[in-house]
2 protein chains.
Amino acid sequence: MPKIVDHEARRRHIVDALLRIASRDGLDAVSLREVAAEAGVSMGMIQHYFATKDRMLMFALTQLNARIGERVAAAMDAPSPRAFLRAAILELLPLDDERRSEARIGLAFLARSVVADEPADLLRQALPYVIGFYAEQIRAAQELGQVHADLDSRIEAVILYTMAQGLANPALIGHLSSDDVVATVDYHLDRLFLTPG
Amino acid sequence: MPKIVDHEARRRHIVDALLRIASRDGLDAVSLREVAAEAGVSMGMIQHYFATKDRMLMFALTQLNARIGERVAAAMDAPSPRAFLRAAILELLPLDDERRSEARIGLAFLARSVVADEPADLLRQALPYVIGFYAEQIRAAQELGQVHADLDSRIEAVILYTMAQGLANPALIGHLSSDDVVATVDYHLDRLFLTPG
DNA sequence: GCGATTACAATGCACTCGCATCGTAAAATG
DNA sequence: CATTTTACGATGCGAGTGCATTGTAATCGC
């Protein structure tokens, strides 16, 4: 083996460039040459670390999910189910540059998932986990008397998630401000929880 | 003027083919040659009716919005605000082949709107109208005593719309069945309205 | 009938794409 | 020191892209 090289570090360096391009100009603008230029490396090097463009894209999507997942996990020490749910949802919404970038790329991958199997499989796999987690939190809140017991925790979790997903769109297009987004989330949580935030 | 030709009919014929391709294989698969082949015409003819590909795409998006708008308008004779809102929202969700196709294409255009100005402008322009309409209906229901008076009709309208938008995604990916989608909408309306559907 | 205009069809062009191929420098291994 | 393996860089290829150009048939006003 020649040249001591950190394989994973190189791969992350490459997909970082990829994600910057995807956020700035969309997934359609992601080409091997563009990524190489953005990362400051040669096209041959990219081919060395990713057998195909699709594999590179899937690695990028996995990386993106991991980033968001880490931040949501970091919010898990919230003092109440409501505080955690609020933090977890706001983590998905484009409220600052980093989250805006993630939301843009996530939407691009979502759209691609409609016609491509690989990213669709990944999303399909992640969804029950996410919604299940929300449902657990709501159920816990119900047992604490913080949410009406006769609400359906599963459906409330779906509504919570889909509202967050849908809320990202007008926010990205520029029709809703960050304040509007946060206010809407809090309004919805006010309706769901008996106890204030 | 030679050859009596219905200009608009030709344009609709072309964008019908375009929309079929976009629904089947995504917006990325839409090329002049593909559209020509799908429509059974020559590439030259397409160039004759659309100066540029972007104009053709924008015409297709306008056409798509018009279709959905017509169906929503047709639901306007519903007997109650709740019935209308339910019909209007279900019209946006992928519950049959036609709506599934529209939702797929709509998502593709939404994703493109993040990086392209023209479709983004169109969406930005349509959004306040749609949400305003929802808000009016909720306000009317409040005056009829069918919705709690202390709810914020504007925010409820936003939540309704974003939930519908977000609900389309797992439905398209195949994670939620049509029954799940309808049940979720009805559940949410049950929480919003005092009077049953 | 005749020039003008419209409605196409066919072809070509410059460009970009993912990927394969080839060559080479360097370091670990024997 | 020789060999093998890794890590690239450079180049080229075939396919596909949007669009411009050119040619031609048809039908209108005159």
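What's counted below: heavy atoms across the whole structure, side chains too, no hydrogens, waters or symmetry copies.
The CE-C1' distance, from M43(A) to dC17(C), rounds to 9 Å in whole Å. For the pair H7(A) NE2 and dA7(D) C1', the computed distance is 9 Å after rounding to whole Å. Rounded to an integer number of Å, the gap from CD of Q47(B) to P of dG18(D) is 10 Å. Counting to the nearest Å, the P atom of dT17(D) and the CG atom of D25(B) are 12 Å from each other. The interatomic distance linking I14(A) (CD1) with dA7(D) (C1') rounds to 12 Å, in whole Å. Summarising the geometry, the separation between CD on E34(B) and P on dA15(D) is reported as 16 Å, rounded to the nearest angstrom. Between L32(A) atom CG and dA20(C) atom C1' there is a gap of 12 Å when expressed in whole angstrom units. One atom, CG of L57(B), and another, P of dG18(D), lie 9 Å apart when rounded to the nearest Å.
Residue T52(A) places at least one side-chain N or O closer than 4.0 Å to OP1 or OP2 of dC19(C). Taking side-chain N and O atoms only, R10(A) has a distance below 4.0 Å to OP1 or OP2 of dC8(D). Between dA7(C) and H48(B), a contact under 4.0 Å exists linking OP1 or OP2 to a side-chain N or O. Remark: S31(A) is in phosphate contact with dC17(C), judged by side-chain N or O atoms under 4.0 Å from OP1 or OP2.
Between L93(A) and V185(A), some side-chain heavy-atom pair lies under the 4.5 Å cut-off. Contact check for Y134(B) versus I89(B): side-chain heavy atoms found under the 4.5 Å cut-off. With a 4.5 Å cut-off on side-chain heavy atoms, Y49(B) and M45(B) count as touching.
Not counting sequence neighbours, the partners of R24(B) by the salt bridge (Lys or Arg N to Asp or Glu O under 4.0 Å) test are E38(B).
Under the 3.5 Å distance criterion, the side-chain polar atoms of R99(B) are matched with a main-chain donor or acceptor of L90(B).
Helix-axis bend for the helix from dG1(C)-dC30(D) to dG30(C)-dC1(D): the local axis fitted to the five terminal pairs at one end deviates from that at the other end by 0°, rounded to 10°.
Applying the 3.5 Å distance criterion, the base of dG18(C) shares a donor-acceptor pair with the side chain of R33(A).
I173(B) approaches S113(A) most closely through the heavy-atom pair CD1-CB, 3.7 Å.
Comparing dA9(C), dG18(D), dA7(D) against the side chain of S42(B) picks out dA9(C) as the nearest.
For residues 65-82 of chain B, the pairs satisfying side chain to side chain donor-acceptor pair (under 3.5 Å) are D16(B)-R67(B), R71(B)-E91(B), R71(B)-E98(B), R71(B)-E102(B), R82(B)-D190(B), with sequence neighbours left out.
Backbone-only engagement by V30(B) is indicated by non-hydrogen atom pairs under 4.0 Å involving sugar-phosphate atoms exclusively.
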